[in-house]
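Working notes, structure below.
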Amino acid sequence: MENLKVHTFYSPNKIILGMNTTSMVPEEIKKLGGGRLLLVTDPGVVQAGLSVRVEESLKKENLDYVLYDAVEPEPPARVIDGGAEIFKSEKCSMILGLGGGSSLDVAKGISLLVTNGGKILDYCGIDRVPQKGAPLMLMPTTAGTGSEVTRVLVLTDEALNLKNVVFTPHALADTAIVDPALTLSMPPGVTADTGMDAMVHAIETYVSMNATVFSDVLAEHAIELIARYLPLAWAKGSNSEARYQMSVASTIAGLAFGSGGLGAVHALAYPLGTEYHMTHGRTNAIMLPHVMQYNISGSPVKYARIAQLTGRDIQGCSAIEAAALSVAAIKELLKSINVSCHIADYGVSKNDLPKLVDGGMKQARLFVPNPRDLSEQDVHSIYEEAF
Ligand code: NAD
């Protein structure tokens with residue numbers, strides 16, 4: 001029964017969201033205890049001139065830091081292990097992650113390793129990290145993964161060619177600073193992929209069997225904002241209103257899925273990422289409409305509400321008819337930002353279908369909260385539809 005359900009909400013200790021809040025970094029660092037800082041980022045973020053903004057604000061206040069800009073996309077475990085070694089050899093005392101989800105997840109992993117010891121792969125799974133990490137500040141430059149507010153970090157296990165996760169409340173940031181001005185430089189492709197990642201978080205958690213009162217309100221608002229503002233941010237990167245609203249949407253979608261859970265879109269997207277090296281956001285975007293279509297009968301009323309939130313008129317429709325309009329709305333959104341939802345368009349051969357099915361089945365833990373059960377044959381059919 002719904003009123004017997006337990007609703008839990010996770011979030012960082014403090015979230016600051018607003019245009020140009022990068023200027024608040026020094027004072028917030030001092031509040032976390034100060035000391036030598038490890039600034040964790042990737043070469044793309046450095047090249048976009050974003051790390052220099054943070055570095056200048058640190059220098060102005062004479063705050064000591066070391067730059068670790070070796071993050072790779074979909075970060076392999078060795079990047080986290082290597083960062084922890086640098087943290088120790090440079091005698092740092094806190095960490096600032098700056099970038100997309102890849103940089104933020106590496107920062108989270110380093111924070112955990114320097115207090116708990118070992119290698120990051122030792123901690124994959126749920127609640128396997130004994131102690132809190134080193135003080136952690138996270139600043140996203142994409143909108144996005146929502147990693148700045150979640151208790152999970154995602155890494156690539158290169159030996160197994162598999163994405164894996166470390167799930168622990170100790171991965172929550174002490175302070176998240178969300179400055180939409182940092183996202184203005186995202187090129188259209190990154191804007192589209194990361195924006196759809198946020199949409200997948202919001203939709204998957206909204207229809208999840210683990211949805212909570214907290215995730216529902218946040219997800220609804222995020223879906224509405226992304227449907228409205230993602231095409232604007234994609235079409236004109238300098239549109240600061242659209243960037244602002246996308247930063248709001250990705251942060252609240254992160255809070256939503258961090259307290260609600262994900263589902264089959266993520267499960268079926270992961271193999272596309274590991275086998276074909278597509279970005280996390282793009283693989284999620286490709287699978288979204290196909291899994292939504294499959295899921296409708298498991299949660300028609302919520303999918304009907306998604307149709308409304310994405311601008312469809314559902315008056316006079318049955319719940320199932322209205323739910324189907326949500327799939328049409330998502331396909332239209334993808335078209336408007338030039339993202340194909342057909343796997344074949346990405347050079348994947350249909351002969352690879354068994355490999356994809358095998359990879360999808362390895363993520364079956366994500367089928368549990370999905371609103372409709374999936375068998376291996378169902379997974380096969382969804383991929384076939386996606387071709
Ligand atoms: P990313 O961090 O891999 O960055 C993608 C590219 O965009 C990089 O080349 C980066 O340099 C560039 N970039 C980032 N910000 C930019 C900016 N403002 N201007 C110009 N270029 C910029 O991409 P992402 O999609 O943000 O993160 C993906 C990773 O996050 C994946 O590993 C995924 O699994 C993980 N993830 C984590 C969570 C979580 O809660 N921890 C949630 C979802 C996804």
Side-chain angles (χ1 to χ4, degrees), residues 10-12 22 40-54 69-77 79-80 97-109 111-112 136 138-157 162-168 171-173 176 178-202 204-205 233 237-238 243 246-247 250-251 253-262 265-266 269-270 272-274 277-285 363 366:
Y10 292 91
S11 81
T22 299
V40 177
T41 190
D42 75 16
V45 171
V46 173
Q47 212 167 25
L50 303 176
S51 55
V52 83
R53 284 195 220 172
V54 173
D69 61 357
V71 173
E72 298 171 28
E74 322 291 319
V79 174
I80 301 174
L98 173 75
S102 300
S103 298
L104 304 193
D105 285 358
V106 169
K108 287 173 167 179
S111 156
L112 296 176
L136 178 68
L138 296 176
M139 298 179 69
T141 63
T142 61
T145 65
S147 174
E148 67 278 7
V149 293
T150 69
R151 66 198 146 107
V152 59
L153 65 103
V154 189
L155 52 88
T156 302
D157 182 334
L162 200 75
K163 293 268 264 195
N164 212 334
V165 293
V166 176
F167 233 110
T168 165
L172 284 163
V178 184
D179 180 355
L182 298 179
T183 68
L184 288 165
S185 53
M186 267 195 289
V190 180
T191 302
D193 291 354
T194 54
M196 282 310 299
D197 192 20
M199 183 61 117
V200 170
H201 291 155
E204 283 226 279
T205 201
S238 59
R243 293 297 198 186
M246 283 303 298
S247 288
S250 62
T251 304
L255 288 168
F257 91 81
S259 302
L262 296 170
V265 178
H266 272 75
Y270 278 144
L272 284 172
T274 43
H277 305 291
M278 292 183 222
T279 69
H280 174 77
R282 179 60 59 110
T283 56
N284 269 337
Q363 305 288 345
L366 288 164

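Numbering of ligands and ligand atoms starts at 1, following listing order. Atom set for the values below is all heavy atoms of this structure, side chains included, hydrogens, waters and symmetry mates excluded.
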For [atom], the protein heavy atom that lies nearest, with its residue and separation:
atom                    : value
atom 17 (C) of ligand 1 : S185 OG, 3.5 Å
atom 33 (C) of ligand 1 : H280 CG, 3.6 Å
atom 25 (O) of ligand 1 : T194 CG2, 3.4 Å
atom 40 (O) of ligand 1 : T150 OG1, 2.6 Å
atom 1 (P) of ligand 1  : S102 OG, 3.4 Å
atom 34 (O) of ligand 1 : K163 NZ, 2.9 Å
atom 42 (C) of ligand 1 : T145 O, 3.4 Å
atom 27 (O) of ligand 1 : G101 N, 3.1 Å

Would you find a donor on one side and an acceptor on the other, under 3.5 Å apart, between the side chain of [X] and the backbone of [Y]?
X    : Y    : result
S111 : A107 : no
S250 : T145 : no
T41  : L98  : yes

- Partners passing side chain to side chain contact (heavy atoms under 4.5 Å, CB included) against Q47 (at least two apart in sequence or in another chain): none
- Item | Partner set under side chain to side chain contact (heavy atoms under 4.5 Å, CB included) for A253, not counting sequence neighbours | H201, A202, A222
Do we see a donor-acceptor contact under 3.5 Å between the side chains of [X] and [Y]?
X    : Y    : result
D157 : N164 : no
E74  : S102 : no
T279 : D193 : yes
T22  : D179 : yes
Q363 : H266 : no
S11  : R151 : no

- Note on the structure: Note: heavy atom closest to atom 36 (N) of ligand 1, options V165, D105, V45, belongs to D105
- Measure from atom 31 (C) of ligand 1 to every heavy atom in E74, E148, M196 and give the option owning the shortest one. E74
Please check if a non-hydrogen protein atom sits closer than 4.0 Å to [atom].
atom                    : result
atom 22 (C) of ligand 1 : no
atom 10 (C) of ligand 1 : yes
atom 5 (C) of ligand 1  : no

Numbered atoms and elements of ligand 1 in range of [X], under 4.0 angstrom, heavy atoms:
X    : result
G100 : 2 (O), 26 (O)
G44  : 11 (O)
L50  : 17 (C), 18 (N)
P75  : 32 (O)
T142 : 14 (C), 15 (N), 26 (O)
D42  : 8 (C), 10 (C), 11 (O)
S147 : 39 (C), 40 (O), 41 (N)
D197 : 43 (C), 44 (C)

Euclidean distance, [Y] [atom2] relative to [X] [atom1], rounded to 0.5 Å:
X    : Y    : atom1 : atom2 : answer
H280 : D197 : NE2   : CG    : 4.0 Å
M246 : T183 : CE    : OG1   : 9.0 Å
T150 : Y10  : OG1   : OH    : 12.5 Å

- Ignoring angles and geometry beyond distance, decide whether V152 reaches within less than 3.5 Å of ligand 1 through its nitrogen or oxygen atoms. yes
With a 4.0 Å heavy-atom cut-off (strictly under), which part of [X] contacts ligand 1: side chain, backbone, both or neither?
X    : result
F167 : neither
T279 : neither
L155 : neither
H201 : side chain
T141 : both

- ligand 1 contact by Q47, heavy-atom criterion under 4.0 angstrom: no
- Query: Closest heavy-atom contact between D105 and S147?
  - Reply: OD1-OG, 2.6 Å
- Query: Going by heavy atoms in the side chains, are T142 and V190 under 4.5 Å from each other?
  - Reply: yes
